[in-house]
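Because the structure is predicted, anything quoted here is derived from the model rather than measured. All residue numbers refer to positions in the sequence shown, counting from 1.
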Amino acid sequence: MIEAPHVSVAVPPAQGGPGPLPVRQRAGRFLVLATVFLCAACGLVYELELVALASYLIGDSVKQASVVLSVMVFAMGVGSLLAKRLRCRAAVGFGLLEAALALVGGCSALVLHATFAWIGESRYALVGFSMAIGMLIGAEMPLLMTLIQRISRRAEQDAGGTVADLFAADYVGALVGGLAFPFLLLPWLGQLTSALLTGAVNAVAGGALVLWLFGRDLSTRARWLLVVANVAVLAVLATATVLADDFERSVRRAVYGERVRVAVQTDVQEVVLTGGPDRPPELFLDGRLRVSGRDEHRYHRALVHPAMRGPHARVLVLGGGDGLAVREVLRHRDVESVTVFELDAGVVRLARHDPALARLNGYVYGDPRVRVVYGDAFARLREAAEAGAAYDVVVSDLPDPGITASTKLYSAEFYGLAARVLAGRGRLAVHAGPMESRPSTYWTVDATLRTAGFLTRPYRATGRLSGFAAGPDRSTDEGSVPSDWGFLLAARDRVPPDPGGAGGARPVPAPGPAGLPPSTLVHPRYGE
């Protein structure tokens, strides 16, 4: 095929008509596809950032992720429809669109943290950002399709091949963005800086493509508008990046109070430790109160001591990297070994070396009987079962089942693995959440243990002073501080002993015929 000589378009560039490209058609096509790749990567980072912030700031990760994703997908459809009005000015429309997306997406983490810290409510802001970012992302593709078709017509390429290349670049970019967020951006830069950096990349990619490759299509006024818009957005993002550390400190003070002593982002989660000379330490993991020095002794004594009635030479603690459950185990002098399965090495380092937390746990990590195995409790428990390990007592000191995303640690499969590592007369102690304020969750854990072949003894400890979340009231998601901790003592071959009196534990009424006490609503897991 003989390529036709290039003929200039009748509309002059000053009036917005398509002018000649500054590069060859093949190079121009590559630049558009590279921009599609970068914009797709940035778009997925924004999406994952919102999901992570929803889980961190609000909790209930499954529900919040569903809200964010469904709203964004709907908004993308709306954005695609609205973009039809910009196709006649695709170049300037795409440039302004990317500047807006960079500003909104880059600042989303800052605004959501601010609403959580100073207003106390992030749900509405989360939905608003999901809608705005989704609409802007949805509007990208029609405009990019128009721009690449303009190049493809010059190169006499078929429309089907152009669409295939465009979507391939989009999907590959989404893959790279999806992998970069959890493995590079979040652990290295944190939530705020990673969002701001992503916005800067987004603005530079969109602005550079339009101003350089399609600059001759624009009027002088349009070019200046894009330059000013992109410079303003980059200036805002740069200023926010410089002030990000000060902003984070202000947010922490607003959320956790003035006594923040340690705030680190480990490979797993954000760890914050508060307290002072006149205030007991409090440990927060991803914004959730994990340990309160005011009442933790009630919780850990009730969790551990009922299970220690019987043989207890070899003890396994699931979770409990703070060392407080281990402290209660070691109060029994005849314990020979304690193994801790902990996911986050950063929590153990803090429990070893922070003076207040180490003093609270009795310096247990200096005891030669204590051994820590790092990794996911489910995987480590499976390895122990396959290796034939046997423990007299297993203590499940895991986050509350009603607010954690680690539902597999409360599954029948998980408890089946725990049964395999228990010795003949072994006992399993499980933290099952507050019984009074969340009875459905509590009795579901009981039913799951029974499904795994355990006989259970329900009990609880009262006198609770702290809730779940960060903030002055330490409240639950429902807005009230729970009054108790619920536990279950389980054994495979016999009904566990009555835990009453051990560590302040109090037995609760035995379940009725349907597996529930009369005052508890029936959960679907129980059937009829």
Side-chain angles (χ1 to χ4, degrees), residues 34-58 61 64-65 68-69 72 98-117 122 125-126 129-130 132-134 136-137 140 169-208 230 233-249 251-252 263-272 285-287 343-346 405:
T35 303
V36 173
F37 170 87
L38 290 174
C39 292
C42 293
L44 200 64
V45 169
Y46 298 141
E47 186 174 335
L48 296 176
E49 185 81 39
L50 290 178
V51 171
L53 286 168
S55 177
Y56 173 73
L57 299 176
I58 303 174
S61 58
Q64 303 307 325
V68 170
L69 295 177
M72 287 194 73
E98 293 307 298
L101 181 58
L103 182 64
V104 175
C107 295
S108 59
L110 287 169
V111 176
L112 287 171
H113 273 90
T115 57
F116 176 77
S122 299
L126 178 69
F129 275 106
S130 300
I133 293 175
L136 293 171
I137 291 175
E140 286 178 327
D170 183 72
Y171 295 147
V172 174
L175 172 66
V176 172
L179 295 177
F181 178 73
F183 295 110
L184 295 177
L185 296 176
L186 193 58
W188 287 6
L189 301 176
Q191 292 177 329
L192 301 184
T193 307
S194 62
L196 294 168
L197 177 62
T198 303
V201 172
N202 208 160
V204 170
N230 280 276
V233 168
L234 291 174
V236 170
L237 296 177
T239 303
T241 302
V242 172
L243 300 176
D245 290 341
D246 293 335
F247 176 82
E248 284 187 298
R249 283 191 289 269
V251 167
R252 289 195 185 102
V264 295
Q265 178 71 48
T266 70
D267 293 337
V268 178
Q269 59 201 338
E270 183 188 55
V271 179
V272 175
L285 304 180
D286 273 347
L343 177 64
D344 193 349

Distance (rounded to the nearest 0.5 Å) between [X] [atom1] and [Y] [atom2]:
{"X": "I137", "Y": "C42", "atom1": "CD1", "atom2": "SG", "answer": "9.5 Å"}
{"X": "T266", "Y": "D344", "atom1": "OG1", "atom2": "CG", "answer": "3.5 Å"}
{"X": "E248", "Y": "E270", "atom1": "CD", "atom2": "CD", "answer": "7.5 Å"}
{"X": "M72", "Y": "I133", "atom1": "CE", "atom2": "CD1", "answer": "5.5 Å"}
{"X": "L57", "Y": "Q64", "atom1": "CG", "atom2": "CD", "answer": "10.0 Å"}
{"X": "L103", "Y": "S108", "atom1": "CG", "atom2": "OG", "answer": "10.0 Å"}

Least distance between heavy atoms, [X] atom then [Y] atom:
{"X": "G287", "Y": "Y56", "answer": "N-CE1, 3.5 Å"}
{"X": "F247", "Y": "L110", "answer": "CZ-O, 3.3 Å"}
{"X": "G177", "Y": "V45", "answer": "O-CG2, 3.7 Å"}
{"X": "V68", "Y": "A54", "answer": "CG2-CB, 4.2 Å"}

For residues 233-241, run the donor-acceptor check on the side chains, cut-off 3.5 Å, and write out each pair with its distance to 0.1 Å, sequence neighbours left out.
{"residue": "T239", "atom": "OG1", "partner": "A235", "partner atom": "O", "Å": "2.8"}
{"residue": "T241", "atom": "OG1", "partner": "L237", "partner atom": "O", "Å": "2.8"}

Query raised in the report: Does some side-chain heavy atom of E140 sit less than 4.5 Å from a side-chain heavy atom of L136?
Result: no
Requested in this report: Please tell me if the side chains of L112 and L50 come closer than 4.5 Å, counting only heavy atoms from C-beta onward.
Outcome: yes
Only distances under 3.5 Å count here; give the side-chain donor-acceptor pairs of residues 189-205 to other protein atoms, sequence neighbours excluded, each with its distance to 0.1 Å.
{"residue": "Q191", "atom": "OE1", "partner": "H113", "partner atom": "NE2", "Å": "3.4"}
{"residue": "S194", "atom": "OG", "partner": "E49", "partner atom": "OE1", "Å": "3.4"}
{"residue": "S194", "atom": "OG", "partner": "G190", "partner atom": "O", "Å": "2.6"}
{"residue": "S194", "atom": "OG", "partner": "Q191", "partner atom": "O", "Å": "3.0"}
{"residue": "T198", "atom": "OG1", "partner": "S194", "partner atom": "O", "Å": "2.7"}
{"residue": "N202", "atom": "OD1", "partner": "Y46", "partner atom": "OH", "Å": "3.1"}
{"residue": "N202", "atom": "ND2", "partner": "E98", "partner atom": "OE1", "Å": "2.4"}

**Report entry** With sequence neighbours excluded, residues passing side-chain contact (heavy atoms from CB on, under 4.5 Å) with A263
**Finding:** R252, V260, V272
Query raised in the report: Sub-3.5 Å donor-acceptor pair from the side chain of S55 to the main-chain atoms of A52, do we have one?
Result: no
